[in-house]
Every structure is written in C-alpha cells, then in structure tokens.
Number of protein chains: 2
Amino acid sequence: VVGLSGIKKSYLMGDQEVHALAGVDLAIGEAEFVAIMGPSGSGKSTLLNILGCLDRPTAGSYMLGGKDVAVLPDDELSLVRSERIGFIFQSFNLIPSLNVLENIEVPLFYAGWPARKSRERSLELAGRVGLGQRGHHRPTELSGGQQQRVAIARALANDPAIILADEPTGNLDSRTGTEIMGMLKELHREGRTIIMVTHEDDIAAHAKRVVMVRDGRIQEDRRQG
Amino acid sequence: VVGLSGIKKSYLMGDQEVHALAGVDLAIGEAEFVAIMGPSGSGKSTLLNILGCLDRPTAGSYMLGGKDVAVLPDDELSLVRSERIGFIFQSFNLIPSLNVLENIEVPLFYAGWPARKSRERSLELAGRVGLGQRGHHRPTELSGGQQQRVAIARALANDPAIILADEPTGNLDSRTGTEIMGMLKELHREGRTIIMVTHEDDIAAHAKRVVMVRDGRIQEDRRQG
Ligand SMILES: Nc1ncnc2c1ncn2[C@@H]1O[C@H](COP(=O)(O)OP(=O)(O)OP(=O)(O)O)[C@@H](O)[C@H]1O
Ligand SMILES: Nc1ncnc2c1ncn2[C@@H]1O[C@H](COP(=O)(O)OP(=O)(O)OP(=O)(O)O)[C@@H](O)[C@H]1O
Ligand SMILES: [Mg+2]
Ligand SMILES: [Mg+2]
C-alpha cells in the first residue's frame, strides 16, 4: 500500500547540503505494523512526513495505494491525505485557539462532517484517550502528555486506513503509554496500517516489523513477534 | 536549598477548579539528584515550574537558598532565577527566530556576558550536546531530539547551581539519552542540584532519590542507589 523508491530529501543550508534522506527504498503492505527506529537526527520524522504526504521528496518516487503521489497536484494530494492518513506529530501541532474537542474535530471539518456527528465523534475519542473531562480546555491548559493524547485522538478521528505516529508515547508515563499502544494494536487488528517512529524498545516490541534508520538510509529491516 | 511547604496550585476553569497541586511538602538539599515521576497530568511540570520560579503557587511557601521566594518582587525573582537555575522545558521553548548558538546564549545575554565570551561558551556547549555542526540552524531546521539538545545546552549555559529538567530525554534515542544523562551526572558530581521529571525508569535510575507524584500530591519519596 506504501512504496518508496530511491527517496531522497535534501535541504540547502547556505552553501552546505543536509541529506536528511539519502536514498530510501521501503515497501509496506496493507495492515502491517511497522516501527521505525534510529538515532536522533537520522531522518525518521522526515521519512514519516514524506509517507504522510506532508512533504515532497527531492528525488525518488512514492506509490500510495497504486498511485504515484509525486504527480498528484496539491489539492488532490491533500484529499488523499485527509481521507486515508491519520498523523500524530512529534511536537503535537495542536491549534492553540481551539479547545480539545475542536482540535480533534479538525479533520472531520475538512472531510465535511455535520457538526452534531463531529461532536459525537470527538467526545467519544476524547473519552478513549482519557480526556473526557477536559473537552473544553485549550492546549496551553493541558499537561504535555494530555496534549499528546489530543493529537492521538485527532489522528484517529477520520477512521484512517493508515496511521503515522511520530513518538506517540514520548510524553506519557508507562501506564498511559501502554493504554495508547493498546488502542493502536486494536486499530491494527481492524485492518489498518500502522507506521510509528519510536526510540523506546518496549514500544517497538508491539510492532511486527522494525526498520532501523541511520544517516538518512535504511540500515536494517527485520520481522519480529 | 529548596523547601516547599503546603504548596497548592489551582486553576479556575469556568466554574470548575483544577487542583494541579493539592498540598506539596518537599525539601531538597544541596547537591541532591532527584527524579520526579508520576502519571500524565499528575502535576510534575507544575511542580517543576514552581521550583524554577516560573510560576507562583496559589498557597504555601517556597524557601530558596534561605529566602522566601513568595515575598520577592518579580524583578528580584527573575534575577535569582537567571543566576541560580537552569531549566529544560518539556516542550523546549526555543526562540524560532534565533539560531542554535543564539538560543544557547539567551541566559548569558541576560546575565550581561560580553559577545565574545558568550559565543565561546555556546560553541563549547553546542559541541558537548553533539550539535557542533548545527550552530547556525534555526529550531525549525532541526529534528525533535536536536531541539531538545539545544534546550539542554541553554539550561547549562550560565553554569547554574540548580538544574530543573522536564523530560530531558523524551525525544532522544537511548544512546543520545545516555550521553545526556552522563552530562547531568557529571554536573551533579561538580556539586549541582539536579531535579528531573521523567517517565522512564532507566532514566530515573540515575538519580539518588525518587519522588512519586499523583493527583497533585507526593505519594512516595524514597532514596535509592
Ligand atoms: N494553565 C492551566 N490551566 C488549567 N489547568 C492546567 C493548566 N496547566 C496545567 N493544568 C492542569 O494541571 C494538571 C497538572 O498538569 P502538569 O502539566 O503539571 O502535569 P504533568 O504531571 O506534567 O503531566 P505530563 O506527564 O502529561 O506532562 C493537569 O490536569 C493539567 O490539565
Ligand atoms: N527544514 C530543515 N532544514 C534543514 N535541515 C533539516 C530540516 N528538517 C530536518 N533537517 C535535518 O534533517 C535531519 C533529519 O531530521 P529528522 O527530523 O528527520 O530526524 P529524526 O530522526 O526525526 O530525529 P529525532 O529522533 O531527533 O526526532 C537532521 O539532521 C535535521 O537537522
Ligand atoms: Mg524526529
Ligand atoms: Mg509535564
């Protein structure tokens, strides 16, 4: 369902080039559960952003559900993204002026859901991530882990086929982290594709496959569990 | 060196009160190394913000180096803070318009350091956290873990007597995290007081004392190692 071939991503910094991704080939099938690991700065978030159609590669091709993503115009890419992909960002990216429920509803708004169904869905998801009592709080009134959980609920709102998670439990105590992993595994059993970046071995242990990234390349790719 | 007595922190949300801290007594001596742990939303960051003089309690007293912090006017509190405390925030709080070196130099600027000594110090610290080649990058051009390391370097710039760290390794792979913990232990051996919030047991294992927080109170306080 996801096919990266010869993917490169470079940034020009003055007269220096930073090769965030230096040639990545990666094929992920439907309903797989993949963990991406690697040192800080190795290219994990960049890889996830390209998989999530949030960023375009400098070179290489990306086949998503059989279509070459590179040739899609921006608005069509945006549509594919909002319908098929749920993204949990490393730094949450919540909208400060919206409360918890409104933040969760953002993807539903773009997908054209009516207000009442939207509110029903965000209330359900807020409850599932343990924030049922915090619906009207804004991000600055929440703890780090609570903000992360809002980001998780938002990623699941549209019931996406592919979930991309960048350090989804980084700000969570082990018990809350285990609850979140339980949710992701349940979504996986329902047939979704889960691709998560993590630097914690116990979190990666929940996945069926571990891809190791180093210096912008895939160093290792093994099945487990 | 740090004495909290009957500390409460409440937020008024509409007609509801959120008791972030519900009565905390905590005494930490000079050159101690304390880990604060507890569930998401239990009050750890709030506690650290009060210890760091970034927030005032709703009730209770805070003695810092023998002085009652509550009676200090804002500018004097600011001075105490900039001279004695280095703070690593849970969400980094870097200045987007400044590059890595400039971000590290912020506390030195406030302490009145001349530009040349300041630049010498920030170059040294950038190197120590493994960002020697990234000095002129801005935060948006860095990975999550790289941003966290800039925040760490900034907290150490002023050579503070007290270091407060909120999830200092949350975005770091285990090897980089171990390097950072090595730095904190070295600073501890030099006689500094280290108080860090973490949800990871292997990180807490480096400390000499673990304080467990739950629902805005201290649930447990034990020596270890
Ligand atoms: N500005 C605010 N207004 C209202 N409530 C707040 C505010 N800041 C924090 N809170 C609440 O106070 C409680 C404690 O928050 P705190 O950030 O200290 O938790 P924490 O232990 O650091 O959690 P985490 O592990 O998720 O970072 C939480 O329930 C949070 O929602
Ligand atoms: N906008 C940008 N401009 C320049 N360089 C960038 C930019 N974004 C990322 N980089 C660089 O690309 C490399 C890979 O970054 P990326 O965020 O993918 O790393 P990561 O593996 O997610 O790291 P971490 O574990 O610290 O989050 C890093 O060296 C980073 O400095
Ligand atoms: Mg990253
Ligand atoms: Mg916190």
Side-chain angles (χ1 to χ4, degrees), chain A residues 11-14 16 18 20 37-49 89-92 94 99 129-131 133-149 166-167 169-177 179-180 197-204 212-214, chain B residues 11-14 16 18 20 37-49 89-92 94 99 129-131 133-149 166-167 169-177 179-180 197-204 212-214:
Chain A
Y11 294 103
L12 199 57
M13 310 293 305
Q16 235 193 342
V18 175
M37 303 188 79
S40 175
S42 57
K44 306 179 297 296
S45 295
T46 305
L47 177 55
L48 217 64
N49 287 342
F89 293 89
Q90 187 169 8
S91 54
F92 321 151
L94 300 178
N99 67 27
V129 297
L131 293 174
Q133 305 306 317
R134 295 256 182 256
H136 298 282
H137 285 221
R138 292 209 199 87
T140 48
E141 297 158 344
L142 299 175
S143 74
Q146 289 168 340
Q147 291 179 38
Q148 188 155 42
R149 284 182 267 154
D166 201 342
E167 310 277 0
T169 62
N171 280 282
L172 303 176
D173 59 279
S174 36
R175 182 165 156 202
T176 313
E179 281 166 26
I180 293 300
V197 169
T198 181
H199 63 257
E200 293 182 62
D201 295 310
D202 342 352
I203 298 296
M212 300 293 304
V213 179
R214 189 177 200 87
Chain B
Y11 295 101
L12 198 58
M13 310 295 302
Q16 236 193 340
V18 175
M37 302 189 82
S40 175
S42 58
K44 307 179 297 295
S45 295
T46 305
L47 177 55
L48 216 65
N49 288 341
F89 293 90
Q90 187 169 10
S91 54
F92 322 150
L94 299 179
N99 67 27
V129 296
L131 292 174
Q133 305 306 315
R134 296 254 181 258
H136 298 282
H137 285 221
R138 291 208 199 88
T140 49
E141 296 160 342
L142 299 174
S143 74
Q146 288 167 340
Q147 292 178 38
Q148 189 156 41
R149 284 182 267 155
D166 201 342
E167 310 277 0
T169 61
N171 279 282
L172 303 177
D173 60 278
S174 37
R175 182 166 157 199
T176 313
E179 283 168 24
I180 295 299
V197 169
T198 180
H199 63 258
E200 294 182 61
D201 295 311
D202 343 353
I203 298 295
M212 299 293 304
V213 179
R214 189 178 199 88

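In this text, all values refer to a predicted model and were calculated from it rather than measured experimentally. Throughout, protein chains are lettered first and strands after them, A, B, ... in sequence-line order, and every chain is numbered starting at 1.
- Judged by distance alone, with hydrogens and angles left aside, the side-chain atoms of A:His199 form no donor-acceptor pair with the main-chain N or O of B:Ser174 at under 3.5 Å.
- With hydrogens and angles left out, the side-chain atoms of A:Asn171 and B:Glu167 include no donor and acceptor closer than 3.5 Å.
- Here B:Gly144 is the residue among B:Ser42, B:Gly14, B:Gly144 with the most heavy-atom pairs under 4.5 Å with chain A.
- In this structure, OG in B:Ser40 is found 7.5 Å from CG in A:Leu131, a value given to the nearest 0.5 Å.
- For A:Thr176, the part sitting under 4.5 Å from any heavy atom of chain B is the side chain, from C-beta outward, and nothing else.
- Nearest heavy-atom pair, B:Gly41 versus A:Ser143, reported as atom, atom and distance to 0.1 Å: N-OG, 3.6 Å.
- When all heavy atoms are compared, the tightest approach of B:Asp173 to A:Gly38 is CB-O, 3.8 Å.
- Only the side chain of A:Glu200 comes within contact range of chain B, judged by heavy atoms closer than 4.5 Å.
- You'll find the side chain of B:Val18 stays beyond 4.5 Å of the side chain of A:Glu141, heavy atoms only.
- The CD atom of A:Gln147 sits 8.0 Å away from the CD atom of B:Gln90 when rounded to the nearest 0.5 Å.
- Interface remark: A:Thr198 contributes no atoms to any contact with chain B (heavy atom separation under 4.5 Å).
- Using a 4.5 Å cut-off between heavy atoms, A:Gln146 contacts chain B through both its backbone and its side chain.
- Your options are A:Arg134, A:Lys44, A:His137, and the one with the most heavy-atom pairs under 4.5 Å with chain B is A:His137.
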